[in-house]
Amino acid sequence: MLDNNAGIIDSATIAESDPNRICAVIDVNALGVTLGARAAYPYLRKTPGSQLINIASIAGCYGIPDVGVYAATKAYVQSMTETLDLEWRRDKIRVLDINPLWAKTPISDVKSKTVTRLGVNLTPDDVAQAIWRAANPKNRWDKGRLHWGVGAQDKAARVARNMVPDRVAKVIYQVLST
């Protein structure tokens with residue numbers, strides 16, 4: 001199993017963010033995960049029962065002001081997970097992602113109204129336990145799942161985002177980020 005985790009954040013609107021910082025966030029969060037997966041592929045292909053677990057974020061479900069580049073890169077990770085799941089299925093490599101909201105790490109020390117409104121309720125241990133549960137699914141349903149939440153907030157956000165129309169999601173995210 002490879003825990004494919006790369007992430008930095010910029011606490012600024014896109015208009016205010018330094019272009020070099022934007023490039024750094026994209027390079028680490030999107031390119032880093034992609035090249036990490038590519039580098040691991042030959043080893044995963046040779047290992048029976050291998051798994052690639054990407055670390056995304058529930059922030060990838062809808063754009064978030066003040067951390068928009070970060071949110072966009074985490075949406076990229078979710079899409080890359082779906083792509084690799086399809087591409088690597090023939091090689092029997094299981095691909096999935098973990099989507100925490102805000103965990104108590106340096107990334108959550110960001111100036112974002114979603115942190116203020118929702119709080120930082122997860123620990124790195126919560127994320128590690130979610131990775132363990134995802135890597136050791138209890139049933140066929142879990143084995144086929146691609147996107148895994150960590151806590152109640154991110155699980156609820158994923159379900160809600162998948163069930164509500166875009167205009168409703170926009171209102172919900174406006175309330176959470178203002």
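Below, each value reflects all heavy atoms present in this structure, side chains not excepted, and no hydrogens, waters or symmetry copies.
The only option from Asn99, Leu122, Ile131 that meets the side-chain contact (heavy atoms from CB on, under 4.5 Å) definition with Val150 turns out to be Leu122.
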*After noting the C-alpha distance and the side-chain angles of Val67 and Asp10, does the key distance pass the side chain to side chain contact (heavy atoms under 4.5 Å, CB included) rule?*
CA-CA 6 Å; Val67 293; Asp10 187 21; over 6 Å; no
_side-chain hydrogen bond (donor to acceptor under 3.5 Å, both in side chains) between Tyr76 and Thr34, worked out_ = CA-CA 10 Å; Tyr76 173 93; Thr34 303; 2.7 Å; yes
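The main-chain N or O of Asp85 is never found under 3.5 Å from a side-chain atom of Arg94 such that the two would form a donor-acceptor pair. The main-chain N or O of Trp141 is found under 3.5 Å from a side-chain atom of Asn139 such that the two form a donor-acceptor pair. Here the side chain of Asn29 pairs a donor or acceptor atom with the backbone of Ile8 at under 3.5 angstrom. Checked by atom type and distance alone, the side chain of Gln78 pairs as donor or acceptor with a backbone atom of Ser57 at under 3.5 Å.
Put simply, OG1 on Thr81 and CH2 on Trp148 are 13.5 Å apart, with the number rounded to the nearest 0.5 Å. Of the inter-residue distances, the one linking Ile26 atom CD1 with Leu31 atom CG reads 10.0 Å to the nearest 0.5 angstrom. Between the OG atom of Ser50 and the CE atom of Met1 there is a distance of 11.5 Å, given to the nearest 0.5 Å. Considering CD1 of Ile53 and CG of Leu2, their distance stands at 8.5 Å, rounded to 0.5 Å. Note: Ile22 CD1 to Thr73 OG1 = 11.5 Å, rounded to the nearest 0.5 Å. To the nearest 0.5 Å, the span separating CG on Leu96 from NZ on Lys143 amounts to 11.5 Å.
A heavy-atom distance below 4.5 Å is not found between the side chains of Asp97 and Ile55. A heavy-atom distance below 4.5 Å is not found between the side chains of Val25 and Ile9.
Residue pairs meeting the ring pair (Phe, Tyr, Trp, His ring centres under 6.0 Å) criterion with at least one partner in residues 21-61, sequence neighbours excluded, are Tyr41-Trp88.
By the side chain to side chain donor-acceptor pair (under 3.5 Å) test, Thr123 is found to be paired with Asp126, residues two or more places apart in sequence or in another chain being considered. Residues passing the side chain to side chain donor-acceptor pair (under 3.5 Å) test with Asn4, sequence neighbours excluded: Asn54. Applying the salt bridge (charged side-chain N to carboxylate O under 4.0 Å, His left out) rule to Arg133 yields no partners; only residues at least two apart in sequence or on another chain are considered. Taking Asp125 as the reference, Gln129 meet the side chain to side chain donor-acceptor pair (under 3.5 Å) condition, with sequence neighbours excluded. Every side chain to side chain donor-acceptor pair (under 3.5 Å) that Arg145 has, sequence neighbours left out, goes to Asp142.
Using modelled atom types and a 3.5 Å distance limit, the side chains of Glu82 and Ser79 yield no donor-acceptor pair.
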